[in-house]
Amino acid sequence: MNGAAPILKIENLSISFFTQAGEVPVVKDFSSAIMPGEIMGVVGESGSGKSTLALGIIHGLSPRGRIVGGRLIFKGRDMASMKEKELRRIRGKEIAMVYQEPMASLNPAMRIGAQLMEVPRVHERVSRREALERALDMVRAVQLPDPERIMRAYPHQLSGGQQQRIVIAMALLSKPSLLILDEPTTALDATIEAGIIELIKELGRKHEMAMLFVSHNLGLILETCDRVAVMYCGEAVETGAVRDVFERMRHPYTQGLLRAMPLPTMDKNARPLVAIPGQQPAPQERPKGCNFGPRCAHFRENFCDAAEIPMVVVDKAAEHSSRCIRVGEIDWDAPPGKAAAHEPVVPGSPLLKFENVRKYYRESANGFFADKERVVKANETISLDAREAETLAIVGESGSGKSTLAKMLVGLETATSGRIIFRNTDIQDIPVEARDRETVAGIQMVFQNPFDTLNPTQPVGAQIIRTLEKFRIGGSAGERRKKMLALLDLVKLPRSFANRMPRQLSGGQKQRVGIARAFAGNAKLVVADEPVSTLDVSVQAAVTDLLMDIQRRNGTTMLFISHDLSVVRYIADRVMVMYLGHIVEQGTTEQIFSPPYHPYTEALVSAVPLADPRARKRRIVLKGEIPSPIDPPPGCPFQTRCPHKHLVPDGLCERELPPFRDLGGGHRSLCWLGDEVLGKMKPVIQHQPGPAPD
Amino acid sequence: MQYETIGAFGILIGIVVRFWPVWIALAIVVTFSLTFRKRLGLYGQLYGNRAGIAGLILCLFWLFTAVFASMIAPFEPLQQIAIMKDAPPGALDPDTGAVFLLGGDRLARDVFSRMVFGSQIVLVIAPAATLFALIVGTMLGLPAGYHGGRIDNILSFLANLVLAFPVILLFYLLVTPGVRETSIPQWLAGFFLIFPVIFFCTLFWTRYSSRPGLLAPLLVITFLLGGWLYAGLVFRADPLGLISLAPNELNIFVAVVFASSPGVFRIVRGLTMEIRTRDYVAAAQTRGERPWYIMLWEILPNARGPLIVDACLRVGYTTILLGTLGYFGLGLTPESPDWGTAIKESSRLLRAHVHPALPPVVALMSFVLGLNLLADALREQALKD
């Protein structure tokens, strides 16, 4: 780095919360320095203390939280010596923060323009006219179209991506020296996220701002940041330049995280994911010595748990440090220990068929006094088929119709037209109440949000037993109890959990119970609706593995709905990409992830952050927003954002719906692009030659 | 006329001493609860909250007063000692030497004893009416919130009708002698009192339909208990002679349930509409559960927080309502010692003698205050969960 002074120097910072149960240390001994123009990433799972760290820097902790040790030196001045008045001046003007939920950061009762203008008027006391000018400029700088209309709009009239851009604009209006971003894109779709990340990087370059980027997404950190600090249980366990840390990791936790992520080099049968055993300890239950010790494969008794572990410098030139006292002794290039390979599963006979299924919702504001009915075209002419023991992935962002598809399958909705055939029975217009027990037990669902998937007022075991009762499995209460315990064993949960209440379980454990419940009735078809997207990385691997395991054993067909292409690539046999209610591409995993692509698939693959430092990715950032299903664009649904539209003569894309053309071997694409264009498409992700990064 | 009095200090000591069963009972319950706080769930959590402790103590105080009323009160509520008419607080009866601790009222009855016996009536009718209103409101609010559509429109319309109707007028209509003579009150009573039976039957049947061994005895017990209550209350033909309500008491009861149900309906409907969107409800639907199972076993247990708070507040409202009704003479008989009627009776000559009115007023106020504090504490605890 050049000889400039750091904007923010954090020295051995410790933050604790003081609750009824006593002091809870949430951040311990965190040290770092952020230079001007540099993007510093802080990566960790939930409970690692990264958000508390960000809040602590701007002194925005709740009354129960306090900085109990260390120093924060901002531009050479110790923040502890600053009075409240000065802190207030710095907060919002010199240090700005962007939070995760854009809707929570904007005042829903004020127009966007008024909120934006507040910033320069409060901090710099400029005139109204000047504030308006600056606000308009900033709205243009964050690449929002039609700035005047946006300034007059209210927050709820904008989409999530647009709101987050406004929040970033607000943060930048005060020309801060340091911008803190706490998971700014977690709530957004992949293609929108890519746009926001591009914007952040460009603005950072232009304004020479220092940035602190907090996230749990390793791929995002790799693609965005210059330096990274990996946090575990409140402590920084590894810090350094980002490429250095990812290519030459020197802490077992970082290594475990990277091995638990479904990179394109993994294969579910030959080289499966390796989950990190156990779970992150609660802040009050830190083990003695190394926090990661109990879960570490390289743990050495009486050595790693003897005393507090300090940061050890690994590479002075690259400023790479690690909190592992066995750094020099561990062989970092050794392959992971337990990676049991499996035989690939052979798909069986056809089980499910969709024929031209359509689902339209009629929406009207008021039941009695509807003047104009609006039709939401959630699903348009869906045709697909699935065989036994196959894993079919459905990929799409919000508004794609994938959840509606799932609901029609399980019977929570009925199709408007078309046929859905399950095991030779038509089920498209039979809602779940009218279905026979066999069909109901045969199609089950694993839900997205583990915190909502179990009834909080009933013990876990009772909920599984109720499912068994409903499906008439087991002749007596005793038999059902035995079966319930067997199911708990199947999902690798201890039997004692049967009497626990859901709030005593973690997110991953609750999701396992949800899986046990879905498979309780020997389901033939399981619809998994984003089952792992809300879980931490290390838990995701374990739950994904579990699903694969059970599916292999029972020969169940799995319909895996997700927006996370990395996971999809890992587990799916066949993939369908949906956009605005249409299937825009379908084929085997191989076919989808290599050219020729549908333009939307191409952009989606590019948008997903990849945590592989050896991968070279083509950057394709889509402009604009996902159109609303109430008012879909004419012709091809994707034409409003397609970067290849100009390659089709006569503006055909804007007039007519493309044919679902066959590109060979069951690979189909809904596109007007000609064969020559498709033949010239290059792969989005290319790997540099070299050994695998584990 | 001039009475001998025992002075302010004497009155205070006298009252405190007379309440001795209540103090003992309170001490036992509070110590017991404080020691076993951790294991008593929501009730135990209330002790961690100052408002909770205050509210609990006030409510328990009146509860025990109602239980031990005959031990506490020195006189019967209707007993008249002619010489003590309008006696001031602390007056001594010249003949027997007994003390009217809070004075005598217009009809020469002991105000203190009447207040104590009044608590019995209030603490029986108000919570029971609230319980029934809860059941009726829940049974109607759950389907309205869950199914939506036409059912919701109709039920909400009816609820709004009842809510919009002026309450006093409603009571006048239900309780006037002209209406009382007809069988309308009995029909209404018959209608409302069947709800608990339906509630418990549906509750057991939806849950245990696959376990007939457990279901049959539960249903039999429900029918027996329900039938007994029904026979006693509606037909006044209780074979065991334990349960009976005078006709005007039944009217009050029914009228109060009728007026309180739409409020509960609204709350339950709102909660149901919110909880219906949760994943565990969708999971139950994909299992093929019937709507009433989902409503009673998946949605209702998760709505109990706000419902408990509302129930506490509602008991307070009902107590005040009984007071109001008593004041209008629409309540129980004019000799009844319940607080509302007592306030009304003593309000006639308020300028001359204020002392007969104050004890029932303070009693009513403290009880409702206790309930409100309890509701506040419960709400806070529910938020912390």
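Atoms considered below: every heavy atom in the structure, side chains included; atoms not considered: hydrogens, waters and symmetry mates.
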(message) If we define contacts as heavy-atom pairs under 4.5 Å, which of A:Asp452, A:Val446, A:Val410, A:Val432 has the most with chain B?
(response) A:Asp452
(request) With a 4.5 Å cut-off on heavy-atom pairs, point out which of A:Arg437, A:Gln444, A:Arg435, A:Gln448 contacts chain B the most. (result)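 Of A:Arg437, A:Gln444, A:Arg435, A:Gln448, A:Gln444 has the most heavy-atom pairs under 4.5 Å with chain B.
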With a 4.5 angstrom heavy-atom cut-off, could you sort out which part of [X] is near chain B: side chain, backbone, both or neither?
X        : value
A:Ala434 : neither
A:Leu454 : backbone
A:Glu433 : neither
A:Arg517 : side chain
A:Phe451 : neither

(message) With a 4.5 angstrom heavy-atom cut-off, is it the side chain or the backbone of B:Arg207 that approaches chain A, or both, or neither?
(response)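 For B:Arg207, heavy atoms of backbone and side chain both lie under 4.5 Å from chain A.
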(message) Please classify the contact between B:Ala284 and chain A as side chain, backbone, both or neither, with a heavy-atom cut-off of under 4.5 Å.
(response) neither
(request) Locate the shortest heavy-atom distance separating A:Leu412 from B:Ala282; write the atom from each residue and the value. (result) CD1-CB, 4.3 Å
(message) Give me the atom names and distance for the closest heavy-atom approach of B:Trp297 to A:Gln458.
(response)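 Closest heavy-atom pair between B:Trp297 and A:Gln458: O-NE2, 3.4 Å.
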Nearest 0.5 Å, what's the [atom1]-[atom2] distance between [X] and [Y]?
X        : Y        : atom1 : atom2 : answer
A:Glu469 : B:Glu289 : CD    : CD    : 9.0 Å
A:Arg480 : B:Arg211 : CZ    : CZ    : 7.0 Å
A:Arg466 : B:Glu298 : CZ    : CD    : 8.5 Å
A:Gln463 : B:Arg287 : CD    : CZ    : 7.5 Å
A:Thr453 : B:Tyr280 : OG1   : OH    : 11.0 Å

Counting only heavy atoms not in [X], do more than 12 fall under 6.0 Å of its [atom1]?
X        : atom1 : answer
B:Phe32  : CZ    : no
B:Tyr47  : OH    : yes
A:Arg500 : CZ    : yes
A:Tyr360 : OH    : yes
A:Glu438 : CD    : no
B:Arg266 : CZ    : no

(message) Would you say that B:Arg304 contacts A:Thr457 through its side chain, given a criterion of any heavy-atom pair below 4.5 Å between the two side chains?
(response) yes
(request) May I ask you to test the B:Thr286-A:Val440 pair for a side-chain heavy-atom distance under 4.5 Å? (result)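 Side chain of B:Thr286 against side chain of A:Val440, heavy atoms only: no contact under 4.5 Å found.
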(request) Any chance you could lay out the side chain to side chain contact (heavy atoms under 4.5 Å, CB included) test for A:Asn455 and B:Asn302, step after step, and finish with the verdict? (result) CA-CA 8 Å; A:Asn455 190 332; B:Asn302 287 295; 2.9 Å; yes
